[in-house]
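Worksheet for the structure shown next.
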Amino acid sequence: MINRASRFAPALLAVFAIGAAQADEVQVAVAANFTAPIQAIAADFEKDTGHKLVAAYGATGQFYTQIKNGAPFEVFLSADDTTPEKLEKEGDTVKGSRFTYAIGTLALWSAKEGYVDANGDVLKKNQYQHLSIANPKAAPYGLAATQVLEKLKLTDATKAKIVEGQNITQAYQFVSTGNAELGFVALSQIYKDGKVSSGSAWIVPANMHDPIKQDAVILNKGKDNAAAKALVDYLKGPKAAAVIKSYGYQL
């Protein structure tokens, strides 16, 4: 007697093989400020495309060094536009794949309710002990913070009070744990669905620092990976755009 299951087994195996071939994994270097949005986007991306997103989070400057040293990243979501452009000029990216996926917003934040006023005057009062910022040499949000201090003529007054995080995540952690009374963070770290989710904050006007244009690019290691191309396309779509905007970014 012929076993029906065994008769259909080759066909079923073929279907699974096709599915496996179509579903790829993409290794993504993600600027630390974009951690929450990409985690939210990843679930929909995997559900809608079948591809899996594997993310590493860190400072843009450090990712540049890692990419130049052969790190296995296939897509880079930077915190600026200059680093992807530099990689593009150096021949490390897929031609024509670079685009701006978000424009970041800087915020002065305290974990304490009512500590930071709506105009950021708390900075000028100079009654705090520690001001957290991200490393300005590695993190664009840290550079933006130094530009704001310079514009407010507070660079010298705050020099001894600054505690520097390796990236924007660490800068945020210094404030959230109380090791710094306030600090400059990415709005996306404290903002969801149109409001600051905890503590108190001053949303820094965009004209107080250079624009934080965040570019994405497919790296050479991802040129033949369907998931890399699918992710870049997905980030340009309406579903991802809605998530990105909900975290306080502009598009």
Side-chain angles (χ1 to χ4, degrees), residues 28 30-49 51-53 55-58 60 75 77-81 99-122 132-134 139-142 144-145 148 165 167-178 180-209 211-216 230-251:
V28 189
V30 182
N33 73 86
F34 205 66
T35 300
I38 199 63
Q39 287 175 344
I41 289 167
D44 284 336
F45 172 69
E46 291 178 20
K47 186 171 71 175
D48 293 343
T49 69
H51 298 304
K52 186 175 181 183
L53 189 160
Y57 307 98
T60 289
V75 172
L77 303 186
S78 176
D80 64 9
D81 57 348
F99 73 102
T100 300
Y101 67 93
I103 298 172
T105 302
L106 185 70
L108 179 71
W109 178 66
S110 173
K112 301 174 187 175
E113 296 284 345
Y115 191 87
V116 177
D117 59 284
N119 297 311
D121 290 337
V122 64
S132 175
I133 70 168
Y141 282 82
V148 172
N167 54 46
I168 200 68
T169 298
Q170 197 170 56
Y172 167 86
Q173 287 169 346
F174 286 151
V175 183
S176 67
T177 56
E181 297 96 315
L182 72 170
F184 284 101
V185 301
L187 181 60
S188 59
Q189 294 173 298
I190 59 167
Y191 191 87
K192 189 73 175 71
D193 297 328
K195 62 181 181 180
V196 173
S197 54
S198 66
S200 52
W202 169 47
I203 298 175
V204 180
N207 62 5
M208 295 195 72
H209 57 78
I212 308 174
K213 285 179 65 179
Q214 302 193 194
D215 278 10
L231 176 60
V232 166
D233 289 342
Y234 199 83
L235 287 170
K236 296 175 183 177
K239 236 179 182 180
V243 173
I244 292 168
K245 285 180 179 178
S246 77
Y247 282 93
Y249 292 94
Q250 303 299 313
L251 293 175

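Since the model is a prediction, treat every value here as computed from it, not as a measurement. Residue indices begin at 1 and follow the sequence shown.
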Exercise for the section: Please round to the nearest 0.5 Å and tell me the distance separating atom OH of Y115 and atom CH2 of W202. Expected result: 15.0 Å

Exercise for the section: Locate the shortest heavy-atom distance separating A111 from S176; write the atom from each residue and the value. Expected result: CB-CA, 4.3 Å

Check residues 36-46 and write down every donor-acceptor pair under 3.5 Å in which the side-chain atom is one partner and the other belongs to a residue at least two apart or another chain.
from : atom 1 : to  : atom 2 : distance (Å)
E46  : OE2    : L53 : N      : 3.3

Handout entry: Closest non-hydrogen atom pair between A134 and A171, with its separation
Key = N-CB, 3.7 Å

Exercise for the section: State, with a plain yes or no, whether a side-chain heavy atom of N167 is found less than 4.5 Å away from one of Y57. Expected result: no

Problem - Donor-acceptor under 3.5 Å (S200 side chain, K112 main chain) - result: yes

Exercise for the section: Would you give the length of the straight line joining atom OG1 of T49 to atom OH of Y234, rounded to the nearest 0.5 angstrom? Expected result: 7.5 Å

Practice task
Give, for atom OH of Y249 and atom CD1 of I244, the distance between the pair rounded to the nearest 0.5 Å.
Solution key: 8.5 Å

Fill in the blank from the handout: Heavy atoms of Q189 and I168 approach each other most closely as NE2-O, 3.2 Å

Exercise for the section: Taking the side chain as every heavy atom from C-beta outward, state whether Y191 and T105 have any atom pair closer than 4.5 Å. Expected result: no

Problem - Between CG on residue L182 and CZ on residue F174, distance to nearest 0.5 Å - result: 14.0 Å

Problem - Whether over 12 other heavy atoms sit under 6.0 Å from K192 NZ - result: yes

Fill in the blank from the handout: Between L251 and A241 the two heavy atoms that sit nearest each other are CD1-CB, 3.6 Å

Practice task
Say whether, by atom type as modelled, one donor and one acceptor occur between the side chain of D117 and the main chain of N119 under 3.5 angstrom.
Solution key: yes

Exercise for the section: Determine whether Y247 and V243 make a side-chain contact, defined as any pair of heavy atoms from C-beta on separated by less than 4.5 Å. Expected result: yes

Problem - pair S198-W109: side-chain heavy atoms closer than 4.5 Å - result: yes

Fill in the blank from the handout: From the list N33, D81, T100, side chain to side chain donor-acceptor pair (under 3.5 Å) with Q214 holds only for N33

Exercise for the section: For residues L235 and L77, determine if any side-chain heavy atom of one lies less than 4.5 Å from a side-chain heavy atom of the other. Expected result: yes

Problem - Spacing of S78 atom OG and I212 atom CD1 [to the nearest 0.5 Å] - result: 11.5 Å

Exercise for the section: Heavy atoms only: give me the nearest S110-E181 pair and the separation to one decimal. Expected result: OG-O, 2.8 Å

Fill in the blank from the handout: Rounded to the nearest 0.5 angstrom, the NE2-CG distance for H51 and L231 is 9.5 Å

Exercise for the section: Return the minimal non-hydrogen interatomic distance between A32 and T169, and the atom names on each side. Expected result: CB-OG1, 3.2 Å

